[in-house]
Number of protein chains: 2
Amino acid sequence: MSGNSNAVRSAKASPSRAGLDRRAARRASTRQEIVDAAWQLAREHGLSGLSMRDLGDRVGMRAQSVYSYFASKDEIYDAMFREGYAAFVERMDDYDPAPGTDARTSLRLFAHRHFAFCTSDPVRFQLLFLRTIPGFEPSPESYAVAVRALASIQTTMARFGVTDPDASDLATAVFTGLTSQQIANDPGGDRWERLVDRAADMLLAEVAPHLHDARPESNEDEETR
Amino acid sequence: MSGNSNAVRSAKASPSRAGLDRRAARRASTRQEIVDAAWQLAREHGLSGLSMRDLGDRVGMRAQSVYSYFASKDEIYDAMFREGYAAFVERMDDYDPAPGTDARTSLRLFAHRHFAFCTSDPVRFQLLFLRTIPGFEPSPESYAVAVRALASIQTTMARFGVTDPDASDLATAVFTGLTSQQIANDPGGDRWERLVDRAADMLLAEVAPHLHDARPESNEDEETR
DNA sequence: GTCTATAATCTGATAGAC
DNA sequence: GTCTATCAGATTATAGAC
């Protein structure tokens with residue numbers, strides 16, 4: 001957008017700056033198209049059932065051409081991993097309860113958001129939180145995104161008064177536990193979803209008992225949505 | 001072992017009853033050998049990385065011969081699933097604290113046992129509790145074993161006074177959550193193992209607060225092993 | 001029950017023409 | 001950057017001899 005606009009109409013022998021930008025944009029958009037298709041296929045055939053051939057078919061290429069965009073299948077998993085955690089952070093950070101909302105209500109909201117994010121896409125949940133693909137290890141850069149995501153949970157919880165350093169580890173354990181049991185043992189049902197509010201309260205009582213007891217009014221059995 | 005011992009030396013044209021027993025026993029033992037090898041290989045190459053070829057090699061057969069014992073790869077997963085849940089039930093049922101042990105200590109013991117069982121074999125954990133193999137669904141008989149296992153948790157918890165019907169669902173969520181986070185995000189470490197006692201106390205306070213508060217002496221910060 | 005042979009297909013990945 | 005051609009091998013599973 002800034003500077004170099006006088007270079008736009010330069011010689012066509014070597015591509016102009018704008019030409020490079022366009023090419024890069026085109027390439028990025030194709031990469032995105034491939035990753036989108038990879039998510040689709042993973043949902044259809046399982047995460048480890050993803051194949052380069054299917055992937056090529058889905059984006060209208062020969063499988064081999066996909067290698068012009070990603071050097072290997074694991075690089076595609078890596079892009080999915082990074083994108084998944086980016087979505088997680090975005091989803092967890094845009095959480096914005098009314099000012100003055102008590103900790104109990106805030107944590108319940110947070111818990112529901114976490115649960116909904118995870119159960120809405122079991123394959124993504126598996127990739128981000130379970131890590132069960134035989135050969136795959138996220139690249140250092142992608143792993144850094146994951147670590148930042150966990151840190152962001154800590155920050156969010158501090159926003160409503162929970163400062164226990166182990167609280168976020170306990171929280172992720174409880175929330176991913178609810179999610180994985182729901183997905184594995186009652187897919188489509190609500191056997192563990194029903195317990196989300198209760199789990200949030202349980203957690204708050206443990207990591208910040210003062211915030212748990214000092215609630216504005218008695219809302220012991222109300223549900224938060 | 002009992003009866004029919006007079007049939008042992010019958011005509012060799014049609015196999016004797018004892019001969020049938022021996023043959024059945026031999027067949028069962030080979031099946032077991034195959035399942036054992038399957039566990040081994042799954043631990044080496046991942047659950048979805050199991051192949052009939054490797055399996056045949058490992059038991060000293062051609063891969064094709066394995067089909068004389070199991071009609072398909074999924075039948076092998078099914079046998080592993082059933083065996084895994086049988087081991088789980090056995091492990092959780094032989095739990096036998098000294099009579100009069102308070103609920104807090106009992107639940108901590110139970111939690112550690114659950115955590116140890118799950119983390120000691122991540123592949124088994126994945127098969128029993130995560131169910132992430134693309135095509136595989138356990139057979140009705142095997143699924144019945146799994147359901148019985150969950151019921152047995154309920155019974156065990158009732159033994160030390162926890163009778164809340166949702167308690168076992170909340171408990172499995174918390175315990176599998178701790179396990180999966182440990183396996184996925186800190187393999188070989190103790191980042192979530194450290195939180196097992198705390199999680200057990202948290203759980204007890206939620207599902208049976210009277211048992212939580214009415215503890216014999218103050219052992220708030222002691223660890224149970 | 002185990003073997004050989006093989007079907008029929010899928011796998012990830014590379015070389016080189018255009 | 002996309003293609004064809006192809007490698008080099010894997011996969012599950014079946015047919016039929018012994």
Side-chain angles (χ1 to χ4, degrees), chain A residues 12 14-15 19-38 40-42 44-81 133-137 139, chain B residues 12 14-16 19-38 41-42 44-80 132-137 139:
Chain A
K12 43 184 166 174
S14 80
L20 278 172
D21 286 352
R22 242 213 316 262
R23 196 178 305 178
R26 173 121 200 100
R27 188 178 166 79
S29 114
T30 304
R31 271 181 66 106
Q32 187 59 54
E33 223 181 299
I34 290 170
V35 172
D36 290 346
Q40 256 183 50
L41 287 166
E44 292 169 25
H45 306 133
L47 203 46
S48 53
L50 179 66
S51 88
M52 298 299 271
R53 254 179 177 73
D54 292 347
L55 194 46
D57 284 0
R58 189 60 62 99
V59 295
M61 272 180 196
R62 308 267 77 169
Q64 301 89 318
S65 303
V66 178
Y67 286 91
S68 303
Y69 296 92
F70 293 94
S72 70
K73 195 180 159 183
D74 274 1
E75 255 193 29
I76 294 173
Y77 281 133
D78 199 61
M80 294 167 80
F81 182 88
I133 314 176
F136 171 66
E137 286 266 1
S139 65
Chain B
K12 47 187 166 176
S14 79
S16 69
L20 279 172
D21 285 354
R22 247 217 308 268
R23 198 178 302 176
R26 172 123 200 98
R27 189 179 164 80
S29 114
T30 304
R31 272 180 67 106
Q32 186 59 53
E33 224 181 301
I34 290 169
V35 173
D36 291 347
L41 287 165
E44 292 169 27
H45 306 132
L47 204 47
S48 52
L50 179 66
S51 87
M52 298 300 268
R53 249 186 178 68
D54 293 346
L55 194 46
D57 285 359
R58 190 60 62 100
V59 294
M61 270 179 197
R62 307 268 72 167
Q64 301 90 317
S65 302
V66 177
Y67 286 91
S68 304
Y69 296 93
F70 294 93
S72 71
K73 195 180 160 183
D74 274 0
E75 257 194 27
I76 294 171
Y77 281 133
D78 199 60
M80 294 166 79
T132 52
I133 315 176
F136 170 66
E137 285 265 1
S139 64

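As a basis for the values below, the full set of heavy atoms in this structure was taken, side chains included, without hydrogen atoms, waters or symmetry mates. A note on names: the letters A, B, ... follow the listed sequences, proteins ahead of strands, and every chain is numbered from 1. No experiment lies behind these values; they were computed from the predicted model shown.
- Remark: P of D:dA13 and CG of B:Asp74 are 8 Å apart, rounded to the nearest angstrom.
- Residue whose closest nucleotide on DNA chain C sits further toward the 5' end, between A:Asp54 and A:Gln64: A:Asp54.
- In this structure, CG of A:Leu41 is placed 11 Å from P of C:dG12, rounded to the nearest angstrom.
- An OP1 or OP2 oxygen of D:dT2 is reached within less than 4.0 angstrom by a side-chain nitrogen or oxygen of A:Tyr69.
- Out of D:dT2, D:dT4, C:dC3, the shortest distance to the side chain of A:Met61 is found at D:dT2.
- What you find for A:Glu75 and A:Phe70 is that their closest heavy atoms are OE1-CA, 3.7 Å.
- For B:Arg53, taking side-chain heavy atoms from C-beta onward, the closest of the listed nucleotides D:dT2, D:dC3, D:dT11 is D:dT11.
- A:Ser51 has a side-chain polar atom (N or O) that falls below the 4.0 Å cut-off from OP1 or OP2 of C:dT11.
- Between A:Ser65 and D:dG1 there is no side-chain N or O to OP1 or OP2 distance below 4.0 Å.
- Taking atom CG of B:Leu55 as the reference point, atom P of D:dT11 lies 11 Å away to the nearest angstrom.
- Counting any heavy atom pair closer than 4.0 Å across all strands shown, B:Ser68 reaches a base atom.
- When side chains are defined from C-beta on, A:Val35 counts as touching A:Met80, because their heavy atoms get closer than 4.5 Å.
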Item to complete: Let me see the working for A:Asp36 and A:Gln32 under side chain to side chain donor-acceptor pair (under 3.5 Å), right down to the final yes or no.
Response: CA-CA 6 Å; A:Asp36 290 346; A:Gln32 187 59 54; 2.9 Å; yes
Fill in: Criterion side-chain contact (heavy atoms from CB on, under 4.5 Å) on A:Tyr69 and A:Met61, from CA distance to verdict
CA-CA 12 Å; A:Tyr69 296 92; A:Met61 272 180 196; 3.4 Å; yes
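- Using a 4.0 Å heavy-atom distance criterion, A:Ser72 is classed as a sugar-phosphate-only contact.
- The CD-P distance, from B:Glu75 to D:dT12, rounds to 15 Å in whole Å.
- Atom CE of A:Met52 and atom P of C:dT14 are 10 Å apart (whole Å).
- Going from atom CZ of A:Phe70 over to atom P of D:dT2 covers 13 Å, rounded to whole Å.
- Spacing between atom NZ of B:Lys73 and atom C1' of C:dT9 amounts to 15 Å, rounded to whole angstrom units.
- Ring geometry for A:Phe136 against A:Tyr77 counts as tilted: the plane angle lies between 30° and 60°, on a 0 to 90° scale.
- When rounded to the nearest whole Å, the span between OH of B:Tyr67 and C1' of D:dA15 equals 14 Å.
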